[in-house]
There are 2 protein chains.
Amino acid sequence: MTERQLQIIHAALQLFAEDGVDATPTSKIAKTAGVSEGLIFRHFGSKDGLLKAILEYGGERVAAFYAKIANESQPKDILRQIIELPFSIDESEYDFWRLIYTLKWQRRTHLENITEQMLSLSSKAFNDLGYEAPELEAELLLIVLDGVATRALLTESYDMKTQVKNRLLKQYKLD
Amino acid sequence: MTERQLQIIHAALQLFAEDGVDATPTSKIAKTAGVSEGLIFRHFGSKDGLLKAILEYGGERVAAFYAKIANESQPKDILRQIIELPFSIDESEYDFWRLIYTLKWQRRTHLENITEQMLSLSSKAFNDLGYEAPELEAELLLIVLDGVATRALLTESYDMKTQVKNRLLKQYKLD
DNA sequence: CATAAAAGTGAGTAATCACTCACAAATGTA
DNA sequence: TACATTTGTGAGTGATTACTCACTTTTATG
């Protein structure tokens, strides 16, 4: 990934997240990135190719996060890490996640598998901890975390973060 | 609202929810609705005017729901009704809600006030029930319900609905 | 240095977009 | 019936879109 390609990816990511993919013309991406419009197509082939490159670029980081959690051996540690997830998103990653969440509603993202993996991971953890309905608990936990992430991504200066996190850790007896 | 206007609104709503507003050309709306493209502009002025009409049309039904809940006097009944909310959405309303949730990410919806109202309503209910941190509980409840709605709207034949609902009613001691 | 490959440009293109408008048909209203 | 208003049409318009291509500049390699 060259310097110029990253310039384009960052500009596109920002605009895609702000206005949506369809409402963002490639001319505007080029202008924001400070390159000619033709260069976008030389490097990424098409607008859709650029979108895919963005998703892959971000997907790698997501996979790394997952691997780290899956490495934990204690079920309590796994749950703690999973709960921490939406609270530990760096602000520099907000645009990426905003894009992911937007695409979810047009059914063209390729990150459902991560949700699936998180689901089975926490389901197993709940089971190990002796929960009666581990799958239901896992389902509910991920729903909550999805909601928290949504709230954090859409609310500027979301200051209830810490309280919400502590309340969740308390609910699952992880504090 | 005439017959023809409703035809247009329904066609547009379906396409907006499926593909997104920006990816839906007015020509396709006209074709789906079985009317000429010009008629859309005669009735709604612009594509954005059509979108606003759709949101108003749906907003009335949402307001009615809210009024019904606000009418309850017992805090437990209020919470029960609020929890019921995402589970009682009729499938014929799915497109509307998919559109609302999509627009949320482009920050051009006008339904945040409803969330605000729900927040203060359940906050008051939690307070009446003697919860230690009623605002935090309200915040978390709405986050969960938002997540449930998201899951239900995006998952075809979402069969964990009843279990999730019962688990929530149990958690808040409403069963 | 020479030369080939890669990176970068910007004017151009066909297609598509939201929207207009002159007109026709349908629906009042007396 | 006569006439005005509303409803509906579809061809047309200028603007914008994603994308191409002939060309220039930069970089890599011997």
Side-chain angles (χ1 to χ4, degrees), chain A residues 1-58 95-96 98-99 102-103 105-110, chain B residues 1-58 95-96 98-99 102-103 105-110:
Chain A
M1 195 72 73
T2 69
E3 182 73 25
R4 280 286 210 270
Q5 282 171 317
L6 283 176
Q7 271 178 46
I8 294 169
I9 280 185
H10 281 130
L13 180 51
Q14 180 198 319
L15 294 168
F16 284 172
E18 185 83 19
D19 305 327
V21 175
D22 293 308
T24 305
T26 49
S27 58
K28 198 175 174 184
I29 298 171
K31 207 173 169 183
T32 306
V35 300
S36 69
E37 202 179 346
L39 194 59
I40 293 174
F41 294 93
R42 175 166 297 282
H43 280 313
F44 302 101
S46 64
K47 191 180 168 181
D48 201 61
L50 171 58
L51 176 60
K52 278 185 179 144
I54 291 174
L55 293 179
E56 273 174 37
Y57 180 61
D95 277 341
F96 173 72
R98 271 194 264 263
L99 177 61
T102 308
L103 291 178
W105 292 97
Q106 252 76 55
R107 308 174 184 287
R108 29 171 166 144
T109 182
H110 315 281
Chain B
M1 195 72 72
T2 69
E3 182 72 23
R4 280 284 209 271
Q5 282 171 316
L6 283 175
Q7 271 179 45
I8 294 170
I9 281 186
H10 281 130
L13 179 51
Q14 179 198 320
L15 294 168
F16 284 172
E18 186 81 18
D19 306 326
V21 175
D22 293 309
T24 304
T26 49
S27 58
K28 199 175 173 184
I29 298 171
K31 209 174 169 183
T32 305
V35 300
S36 68
E37 200 178 347
L39 195 60
I40 293 173
F41 294 93
R42 178 166 295 282
H43 279 313
F44 302 101
S46 66
K47 192 180 168 182
D48 201 61
L50 171 57
L51 175 60
K52 277 186 180 145
I54 290 174
L55 293 179
E56 272 175 37
Y57 180 60
D95 277 340
F96 173 72
R98 270 194 264 264
L99 176 62
T102 308
L103 291 178
W105 291 97
Q106 251 76 53
R107 305 174 187 287
R108 29 171 165 143
T109 183
H110 314 284

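- Across residues 31-41 of chain B, E37(B), F41(B) each have a non-hydrogen atom less than 4.0 Å from an atom of DNA chain C (numbered order).
- Between I29(B) atom CD1 and dC17(C) atom P there is a gap of 11 Å when expressed in whole angstrom units.
- Using modelled atom types and a 3.5 Å distance limit, the side chains of T26(A) and E37(A) yield a donor-acceptor pair.
- Between H43(B) and the phosphate of dT6(D), there is no side-chain N or O to OP1/OP2 separation shorter than 4.0 Å.
- You'll find the side chain of V21(B) reaches within 4.5 Å of the side chain of L103(B), heavy atoms only.
- For T24(B), there are no side-chain hydrogen bond (donor to acceptor under 3.5 Å, both in side chains) partners, not counting sequence neighbours.
- Between the CG atom in L99(B) and the CD1 atom in I54(B) there is a gap of 6.5 Å [rounded to 0.5 Å].
- Here T2(B) lies out of heavy-atom contact (under 4.0 Å) with every strand.
- Taking atom NZ of K47(A) as the reference point, atom P of dT20(D) lies 15 Å away to the nearest angstrom.
- With sequence neighbours excluded, the residues that form a salt bridge (charged side-chain N to carboxylate O under 4.0 Å, His left out) with K28(B) are D19(B).
- To the nearest 0.5 Å, atom CD1 of residue I29(A) and atom CD of residue Q7(A) are 13.5 Å apart.
- The side chain to side chain contact (heavy atoms under 4.5 Å, CB included) search around Q14(B) returns D95(B), not counting sequence neighbours.
- Going from atom CD1 of I9(A) over to atom CZ of F16(A) covers 10.5 Å, rounded to the nearest 0.5 Å.
- Spacing between atom CG of D48(B) and atom P of dC17(C) amounts to 17 Å, rounded to whole angstrom units.
- At least one side-chain heavy atom of T102(A) sits less than 4.5 Å from a side-chain heavy atom of Q106(B).
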For nucleotides 22-28 of chain D, list the nitrogen or oxygen atoms of the protein found under 3.5 Å from its nitrogen or oxygen atoms, one pair per line.
none

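- Put simply, CG on L6(B) is 14 Å from P on dT7(D), counting in whole angstrom units.
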**OP:** Could you run through nucleotides 24-29 of chain C and give me one letter per nucleotide, 5' to 3': B if any protein heavy atom sits under 4.0 Å from the base, S if only the sugar-phosphate is that close, - if neither?
**Re:** ------
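- Contact annotation: the side chain of K52(A) never approaches that of F44(A) to less than 4.5 Å [non-hydrogen atoms, C-beta and beyond].
- Remark: R4(A) is in phosphate contact with dG8(C), judged by side-chain N or O atoms under 4.0 Å from OP1 or OP2.
- Of the inter-residue distances, the one linking I40(A) atom CD1 with R4(A) atom CZ reads 12.0 Å to the nearest 0.5 angstrom.
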